[in-house]
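One-based numbering, in listed order, for ligands and for the atoms of each.
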Amino acid sequence: MSVGQRVDRLRAEIRRHDYQYYVLDAPQISDSEYDRLFRELQALEAEHPELLRSDSPTQRVGAAPLAVFAAVAHATPMLSLNNAFSDDEVAAFDRRVREGLAIEGEVDYSAEPKFDGLAVGLSYENGILVRGATRGDGVTGEDVTANLRTLHSIPLCLQGNDWPTQLEVRGEVLMWRRDFERLNARQRERAEKEFVNPRNAAAGGLRQLDPRVTATRPLRFFAYGIGGGGAGGLPPTHSALLDRLAAWGFPVSPERRRVCGLAGLLTYFGEIGRRRDGLPYDIDGVVYKVDDLAAQNRLGFASRAPRFAIAHKFAAEEAVTELLDISIQVGRTGALTPVARLAPVFVGGVTVTSATLHNEDEIRRKDLRIGDTVVVRRAGDVIPEVVRVLGEKPRGAGKEFVMPARCPVCDSSVARDADEAVARCTGGLYCPAQRKQALRHFASRRALDIEGLGDKLVEQLVDQGIVHTPDELYGLDLSAIARLERMADKSAKNLLSAIEKSKRTTLARFIYALGIRNVGEATAKDLARHFGSLDRLLAADEALLMQVPDVGPTVAKSIHLFCREPHNRQVIERLRHPGGLVWSEGDAYVSAPGAASGKVFVLTGSLPSLTREAAQALIETAGGKVSGSVSRKTDYVVAGAEAGSKLDKARQLGVRVIDEDELLALLNEISGQPSP
Ligand code: IVH
């Protein structure tokens, strides 16, 4: 046997044992036998570097540490799921599915656990792992390829030969409970910080800049679907797709089942719920997906989540503790939120010491008094809340809570609109609490992304009267920053260069950073796309604002009020000059402006070659927006086979209807290429 053949044989054998051990959890050889094979392969590769390949099992760890993760634009967006918390909500989901598909009888579903980890996408080209990315904001994630390569349950090359040349597998990275316990035991021995729960430990492990550190964290992977690629040649159902993924070497949940109708869903939920504590990993519910992939395609997506799937969540965990005090937090828009200070209690995987009480009415409704014994609830990443008081009434001497009439931070008066549950400090940017929040928001990652401008710094800058409004950040010099507490010369320089870097931004980020009430990231993007220039936005009245997709009267009013305020205008002007903020106008959200920018598309029916996600991605890349329903604001309805009520609605409203070819021609025109 030649050296090359021996190397091939060793690789195949090691891969098989990795698969047996990490995917099937059924090792066939001892650790020492495995080590012997591994070392032989290492030695041969060292002697014959010409035989080395990136998908060799010896090449899982190796890449050098990174300075930052590169951004990856997902070929098709990584969306989230809608949640159901009760049987009724599941029944409503099943009803919507049957109506959407016009099915009289029962629908077949694929049901599987909802893993409590982090979503990732793994891209394979010709069967070789080429990229792995986190979900990020769903549109753009972080390139964590080198880290994902260290997970033995992720195949570096696919088994079999019936895989599509381009394939993106999606799934969840998580840590098994027993591995988590062991990891924490190791941390304790080394007197290092312990991890709070398996999910946090997995997230921390995956986001290491040095893959050698990731390799020491026992991370696992479960595949639950595909993100794109594989056009044609894929199985007709989700359950068959999971079987196929298993055959290619991916771990898929052994708990997956194909079930029939609502009764099948609820029985499955009950069974998994009973077995939950016995599973080796944490789950926070189950996921139901319409099994037939063509039917999934027909149902499509509603804004952020698919209509063909839903997460049925387990009831949130509850615990009993003492309400020590109620304090007031002043938010960015001046909202005064009462916060419960609690005796520390472990619930839903973390130690909780505070919980939101929402507003005054909620406290009154629950009749909470300081000193009460209370039930707190926390699920997943949700903010903990106080559910109710435990025990008999009348209770102890605790005082009734009254919302203060003046802001506890700046002493401005507190106002509450008759139709609102929220009380607000009227101090605006005079109030240091609001000023701090506004600055934090301005500098946050999705806004102007000023790295290093954290809570502690903002606190000092505001408290010492150095910065009052965001534009003043751009006038800071080294001496002013270096004087602050815990500011080494190097960090001061880094902060200055981060501030400098933030000057080149996009219109959408700039609008979002302003912190206009009711204007989140998505609305900011819509506004940027619609108006294309800041001055056009500033000049718009409420009627013009309401022409923007998804902008209703409330949002239009907030924007208008904000833009009319002379103080805000002044800050905006100073940010441009002398601040020096720049962005490209015309269209700031997408790099290539085109006729699709600002256009609203609705997809209906199944298109001959594009999946719904692919069509959506193409439209969005060209600056367009895909909406779930047809209205007068729709520019184009893209109709495929079996288009239904949306097509009727389009005709009724006189909206232009196009097919896939016309869509592609339109998008090509936009990117400047000749139409086919
Ligand atoms: S399917 C279009 N299946 O839940 C969305 N997701 O809220 C397709 N998750 O970010 C997702 N287990 O990370 C799916 N068996 C499962 C899952 C699962 C966990 C996570 C996923 C996603 C989140 C959606």
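The main-chain N or O of S239 is found under 3.5 Å from a side-chain atom of D291 such that the two form a donor-acceptor pair. When atom types are taken as modelled, the side chain of D143 and the backbone of F69 share no donor-acceptor pair closer than 3.5 angstrom.
With a heavy-atom cut-off of 4.0 Å, F115 touches ligand 1 through backbone and side chain alike. Contact annotation for M78 and ligand 1: no heavy atom of the residue comes within less than 4.0 Å of the ligand. Counting heavy atoms under 4.0 Å from ligand 1, residue E112 touches it through the side chain alone. Contacts between P113 and ligand 1 below 4.0 angstrom, taking non-hydrogen atoms only, involve the backbone exclusively. Proximity of A119 to ligand 1, defined as any heavy-atom pair under 4.0 Å, is shared by backbone and side chain alike.
The N/O atoms of V287, backbone and side chain alike, include none that comes under 3.5 Å of an N/O atom in ligand 1. Of the polar atoms of S80, none of the N or O atoms is found under 3.5 Å from an N or O of ligand 1, judged by distance alone. Of the N or O atoms in L81, one or more lie within a sub-3.5 Å distance of an N or O in ligand 1.
Checked against the 6.0 Å centroid criterion, the rings of F180 and F195 do not qualify as a close aromatic pair. The six-membered or imidazole ring of Y268 lies away from that of Y109, with a centre-to-centre distance of 6.0 Å or more.
For E168 and H74, the side-chain atoms include no donor-acceptor pair closer than 3.5 Å. No side-chain N or O of D88 forms a donor-acceptor pair with one of S86 less than 3.5 Å apart. For the residue pair T76 and R170, a side-chain donor N or O sits within less than 3.5 Å of a side-chain acceptor on the partner.
Heavy-atom proximity to P306, at under 4.0 Å, picks out these atoms of ligand 1: 2 (C). The L79 neighbourhood of ligand 1 comprises atoms 5 (C), with distances under 4.0 Å to a heavy atom of that residue.
Among all non-hydrogen protein atoms, the one lying nearest atom 23 (C) of ligand 1 is K114 NZ, 4.0 Å. Scanning the protein for heavy atoms near atom 22 (C) of ligand 1, the closest one is Y224 OH, 3.9 Å.
Nearest to atom 13 (O) of ligand 1 by heavy-atom distance, out of E172, R135, H238, K313, is E172.
V120 pairs with exactly one of N147, L206, I154 by the side-chain contact (heavy atoms from CB on, under 4.5 Å) rule, that one being L206.
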Go through it in stages, so that I can follow the logic: the residues are F250 and F222, the test is ring pair (Phe, Tyr, Trp, His ring centres under 6.0 Å), and I'd like the CA-CA distance, side-chain angles, deciding distance and then a yes or no.
CA-CA 7 Å; F250 292 97; F222 274 116; over 10 Å; no

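Under a 4.0 angstrom heavy-atom cut-off, K289 registers as being in contact with ligand 1.
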